[in-house]
Number of protein chains: 2
Amino acid sequence: MNRTLLQIKVLYKDMGKSEKKIADWIMDHPDALLPLSITELAEKSDSSEATIVRFAKRLGLSGYQELKISIAQENSKKVINQDVNVKDSCFEVFEKVSNDIYCSLEMTKKVIDKDMLDQAAKAILEARQIVIFGLGNSASIALDAGHKFFRAGCNAVPYSDNHMQVIAASHLSDTDLAIGISHSGSSKDIVDALKIAKENGAKTIAITNYGKSPIVKHSDIVLFTSSPETQYTILGLNSRIAALAIIDSLYSYIVCHKDAEALSAIQSVERSLQSKKY
Amino acid sequence: MNRTLLQIKVLYKDMGKSEKKIADWIMDHPDALLPLSITELAEKSDSSEATIVRFAKRLGLSGYQELKISIAQENSKKVINQDVNVKDSCFEVFEKVSNDIYCSLEMTKKVIDKDMLDQAAKAILEARQIVIFGLGNSASIALDAGHKFFRAGCNAVPYSDNHMQVIAASHLSDTDLAIGISHSGSSKDIVDALKIAKENGAKTIAITNYGKSPIVKHSDIVLFTSSPETQYTILGLNSRIAALAIIDSLYSYIVCHKDAEALSAIQSVERSLQSKKY
DNA sequence: AGTATTTTTGAAAAAAATTTTCATTGACAT
DNA sequence: ATGTCAATGAAAATTTTTTTCAAAAATACT
């Protein structure tokens, strides 16, 4: 799938009615676009030349020509606007999942607050102790974050047991950091744990999907993810990848900013782990 | 090399002096051609618009626009993955991470075996019991897979303790399925656990990064990921996302193929989980 | 609900790019 | 040296693209 077509999907909801008609036509006939002039496309998509140019600019391109070239670059006939259905092979599902992941990352790029991201990295670097809370679908994210930050030399522990979360939160103080992960931002136990952490003076970070939710109230730093609406939105399949991408970014960032001593410690971790391999 | 460029080579000897200049310029800078107008190219190649049009027609194309599109078609410029450096803001790191993820998914799409993927889905649907093994960086992937398959109504349990893995593997029989996750494919404990599982008659699936590795020997079905080489390749940051995408695909696929009864059970799971939210 | 404000839109004008025309050049054969 | 013919580029003609602007639609605000 070509990036421009995906980008169209990402920006679809921000478009006006006529722009959507253009988007629909292009996504339906990506191959038929190439020989068309802007006037012909305006006719076919029942819009106007001006709107097509605006459409191209919205995608970050200079104009219609660039749009055409951009779509020509890497053309595939796959329909991208379709939900998974029972006729799909598993590979086709994989392609759709990949598209959704891409959209989710792009959408997250748009909603995430750059300052918050930098603040989060700084908080992680400075914290004496880090606890990470996730439940259900977010438990594996918390585990992943814990693993990464620990491996980078931070004193980080993930908790996916709501009792342990309360215990851990209660033992925090103002040199510490609590990270809560919840797709909906409404998971009672996570919100409660962050609240306790905050009451104890710890700094709190929330990783949650964009929107108003209870978790925001108890978080000093909020890192929003965003994801396309699909039939599996409840599960937050895609926002989870965005959350992991955020964690990877924080990890890469903090590894980059560790001092020489810490870096050699990290390297010795990697050496030690070699013995676990054939 | 794309067809049009080859065609230019083929017809080169038949061309006039100015046409050769155009051919030379295009062959020297095929990427730089795309943003140029015919006038600009005329200047750069020290020829004229008219000659460029003739040049395009000689290649069997209708004109300059078609020439440009034709060269764009197969000239897919590779995505450059720049390494993270200390000057990057955390947001810039996020952009690079996103880009790497995108590359990784595309690469995985290329190396993954479609049949294996379908077989894996089928195996999951048919298994009486599923155990999932992951350690270290892959523990969270195993946890995620376990959570998803369990939520979809499969009898799946993830293990991230190498003793428990051996125990679980030992108790399997030929109606069961073991899934081993290891980026390198060389993690001793995971390989050993899969070996035991297989010896007990269970079907085995490996999720691992593309390449020859010990895990392949003990796996009935191998699902390869692939990821760009970056400074964090050891950690497998990106192949992990590809692995998760594979799991999401399998999950979506199996949910799609569950019968009505199972689907209503899944829905009642979602309802029950609502009570955990504010 | 009714009004103000903003956003979206397409027709037409303006600009730019492309294609065609045509006179000139220069290579080559005689 | 000169006629023939393909090759070439300047300029005209045409087509395409972009911008402008006023009307329409959507949205927010009483």
Side-chain angles (χ1 to χ4, degrees), chain A residues 4 7-27 29-73 107 110-111 210-212, chain B residues 4 7-27 29-73:
Chain A
T4 307
Q7 200 61 23
I8 292 173
K9 201 182 176 188
V10 170
L11 297 169
Y12 191 80
K13 61 169 186 337
D14 297 337
M15 295 177 186
K17 218 196 291 181
S18 276
E19 282 184 278
K20 276 183 178 149
K21 282 195 279 189
I22 297 164
D24 289 339
W25 196 93
I26 293 179
M27 296 209 285
H29 323 273
D31 297 311
L33 177 68
L34 301 187
L36 299 185
S37 75
I38 195 170
T39 313
E40 291 169 310
L41 175 60
E43 257 179 51
K44 297 233 181 208
S45 65
D46 186 27
S47 65
S48 67
E49 288 94 331
T51 307
I52 292 173
V53 172
R54 275 188 296 261
F55 173 84
K57 296 207 165 151
R58 183 193 290 279
L59 296 170
L61 305 165
S62 72
Y64 178 63
Q65 274 310 317
E66 209 165 282
L67 171 70
K68 246 166 64 168
I69 287 173
S70 178
I71 286 185
Q73 294 265 335
M107 291 168 74
K110 280 164 61 189
V111 302
Y210 184 71
K212 268 189 68 163
Chain B
T4 308
Q7 198 63 17
I8 292 174
K9 264 190 186 159
V10 170
L11 296 168
Y12 191 80
K13 60 179 182 327
D14 299 335
M15 295 176 186
K17 218 196 294 180
S18 277
E19 281 184 282
K20 275 182 179 153
K21 282 195 281 188
I22 297 165
D24 288 340
W25 197 93
I26 292 178
M27 306 258 257
H29 324 272
D31 296 314
L33 176 68
L34 301 186
L36 299 185
S37 75
I38 194 170
T39 313
E40 290 169 313
L41 175 61
E43 254 179 54
K44 297 233 180 206
S45 64
D46 186 28
S47 64
S48 67
E49 289 94 330
T51 307
I52 291 172
V53 172
R54 275 189 295 264
F55 173 84
K57 296 208 164 151
R58 184 194 290 278
L59 296 169
L61 305 164
S62 72
Y64 178 62
Q65 273 311 317
E66 209 164 282
L67 171 69
K68 244 166 66 167
I69 286 173
S70 179
I71 286 184
Q73 290 270 354

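Note that this is a predicted model, so its numbers are computed, not measured. To find a chain, count down the sequence lines: A is the first, B the second, and so on, and within it residues start at 1.
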Can you check nucleotides 23-28 of chain D for protein contacts, nitrogen or oxygen pairs under 3.5 Å, and list what you find?
{"residue": "D/dA26", "atom": "OP1", "partner": "A/K17", "partner atom": "NZ", "Å": "3.2"}

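Taking five base pairs at each end of the helix from C/dA1-D/dT30 to C/dT30-D/dA1 and finding the rotation axis that steps the C1' atoms of four pairs onto the next four gives two axes whose angle is 30°, to the nearest 10°.
The local environment of NZ in A/K13 is crowded, with over 12 non-hydrogen atoms from other residues, nucleotides or ligands closer than 6.0 Å. A 6.0 Å sphere centred on NZ of A/K17 holds no more than 12 heavy atoms belonging to other residues, nucleotides or ligands.
The side-chain hydrogen bond (donor to acceptor under 3.5 Å, both in side chains) search around B/S48 returns B/T51, not counting sequence neighbours. The side chain to side chain contact (heavy atoms under 4.5 Å, CB included) search around B/Q65 returns A/Q65, B/K68, not counting sequence neighbours. The side-chain hydrogen bond (donor to acceptor under 3.5 Å, both in side chains) search around B/K20 returns none, not counting sequence neighbours.
The nearest pair of heavy atoms linking A/I38 to A/Y64 is N-CE2, 3.3 Å.
Residues B/S62 and B/E66 have side chains that bring a donor and an acceptor to within less than 3.5 angstrom of each other.
Taking atom CD1 on A/I52 and atom C1' on C/dT9, their separation rounds to 12 Å, with Å as the unit. For B/K20 and D/dA6, the NZ to C1' distance is 14 Å, given to the nearest whole Å. Here D/dG9 presents its P atom at 12 Å from CG of B/L41, a figure rounded to the nearest Å. Between the CG atom of A/L33 and the P atom of D/dT17 there is a distance of 10 Å, given to the nearest Å.
How far CD1 of A/I52 is from NZ of A/K21: 11.0 Å, rounded to the nearest 0.5 Å. Once rounded to the nearest 0.5 Å, the distance linking CZ of B/R54 with CD1 of B/I22 reads 8.5 Å.
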> Which letters describe nucleotides 10-25 of chain C, given B = protein heavy atom under 4.0 Å from base, S = only from sugar-phosphate, - = neither?
Replying inline: BB-----SBBBB----
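You'll find the side chain of A/F55 stays beyond 4.5 Å of the side chain of A/L61, heavy atoms only.
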